[in-house]
Amino acid sequence: LTVYAGELERVLSPSLSLGAGATYWDAGEDDGEATYLSGDLKLRYYPSGNPLHGFSFGGSVGMTRVEGEDDVEGTPFEVTGPTIGTMFEYSWLLNQQRSFYMGIGAGVKALFIDEDDVDDDVALRYPTVRFSVGWAF
């Protein structure tokens with residue numbers, strides 16, 4: 001699997017942040033599988049009141065494009081639809097300036113497109129995992 005992702009997160013209050021991210025996932029298109037390209041807005045709640053550090057949970061909304069080739073007929077397809085997701089994460093701000101960011105998390109995401117428009121192997125509901133390294137400024 002090949003996954004590329006990037007995200008920006010902005011603190012809104014002592015317990016809320018808003019993020020915007022994009023992900024590209026190549027699930028083996030050469031073998032008739034699909035590629036996913038998504039963009040999401042993410043709202044995170046930090047119950048400790050310490051944003052970007054500690055436990056958080058939240059939700060996401062966005063759009064995802066899926067491209068691939070039908071395994072049976074060999075015809076290409078490309079569909080785009082809205083997504084919704086949930087996240088449960090833990091993050092750390094490290095070093096003396098508390099500016100080196102590390103985060104881990106997991107969640108689930110649902111893609112709302114017509115199942116008849118894509119190959120049977122395309123996942124419309126799938127788990128998400130996050131391992132992040134970044135810089136807080």
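FYI, side chains are in, hydrogens and waters are out, and symmetry mates aren't considered; it's all heavy atoms of this structure.
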Q: Could you tell me the separation between the OH atom of Y45 and the CG atom of L16, rounded to the nearest 0.5 Å?
A: 7.5 Å
Q: Identify the heavy atoms of G105 and E89 that sit nearest to each other, and give their distance.
A: CA-CG, 3.7 Å
Q: Any link between V133 and L94 through a network of hydrophobic side chains (Ile, Leu, Val, Met, Phe, Trp, Tyr) touching at under 4.5 Å?
A: yes
Q: Rounded to the nearest 0.5 Å, what's the gap from CD1 on I113 to CZ on R65? Could you check?
A: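 CZ of R65 is found 12.5 Å from CD1 of I113.
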Q: Grab the two heavy atoms, one from R98 and one from N50, that are nearest each other, plus how far apart they are.
A: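 What the structure gives for the nearest pair is NH2-ND2, 3.8 Å.
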Q: List the atom of P51, the atom of L93, and the distance in Å for their closest heavy-atom pair.
A: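 Taking every non-hydrogen atom into account, O-CD1, 4.3 Å.
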Q: In terms of hydrophobic clusters joined by side-chain contacts under 4.5 Å, are L18 and L8 together?
A: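 Cluster IDs for L18 and L8 differ.
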Q: Is the ring pair F55/F88 parallel, tilted or perpendicular, if the boundaries are 30 and 60 degrees?
A: parallel
Q: Looking at OH of Y46 and CG of L52, how far apart are the two atoms once the value is rounded to the nearest 0.5 Å?
A: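 The CG atom of L52 is 5.0 Å from OH of Y46, to the nearest 0.5 Å.
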Q: Examine F100 and F131 and state if one hydrophobic cluster contains both, with Ile, Leu, Val, Met, Phe, Trp and Tyr joined whenever side-chain heavy atoms are less than 4.5 Å apart.
A: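 In one cluster with F100: F131, yes.
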Q: Of the non-hydrogen atoms in T35 and Y24, which two are nearest, and what is the gap between them?
A: CG2-OH, 3.6 Å
Q: Between atom CE of M102 and atom OH of Y90, what is the distance when rounded to the nearest 0.5 Å?
A: 12.0 Å
Q: If every non-hydrogen atom of W135 is compared with every non-hydrogen atom of Y101, which pair is closest and at what distance?
A: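 Minimum heavy-atom contact is N-CB, 4.3 Å.
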Q: So, does S99 use its side chain to make a donor-acceptor pair with the main chain of F137 at under 3.5 Å?
A: no
Q: When rounded to the nearest 0.5 angstrom, what distance separates OG in S17 from CZ in R44?
A: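 It is 5.5 Å, given to the nearest 0.5 Å.
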Q: From the options T86, T64, I84, select the one residue that forms a side-chain contact (heavy atoms from CB on, under 4.5 Å) with K109.
A: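 Per the side-chain contact (heavy atoms from CB on, under 4.5 Å) rule, the option paired with K109 is T64, out of T86, T64, I84.
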Q: Are I104 and V3 connected into the same hydrophobic cluster when the rule is that any two of I, L, V, M, F, W, Y join if their side-chain heavy atoms are below 4.5 Å apart?
A: no
Q: What's the separation between atom CE in M63 and atom OG1 in T80, rounded to the nearest 0.5 Å?
A: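 So the CE of M63 and the OG1 of T80 are separated by 6.0 Å.
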Q: Does V61 belong to the same Ile/Leu/Val/Met/Phe/Trp/Tyr cluster as L43, with side-chain heavy atoms less than 4.5 Å apart forming each link?
A: no
Q: For D40 and K42, indicate whether the former's side chain and the latter's backbone hold a donor-acceptor pair under 3.5 Å.
A: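 No; judged by distance alone, with no hydrogens or angles, the pair does not exist.
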Q: Which class fits the ring pair W25 and Y36: parallel under 30°, tilted 30 to 60°, perpendicular over 60°?
A: parallel
Q: For T83 and F112, work out which heavy atoms get closest and say how close.
A: CA-CD1, 4.4 Å
Q: Please lay out, stage by stage, how D114 and V79 fare under the test side-chain contact (heavy atoms from CB on, under 4.5 Å).
A: CA-CA 9 Å; D114 188 350; V79 293; over 6 Å; no
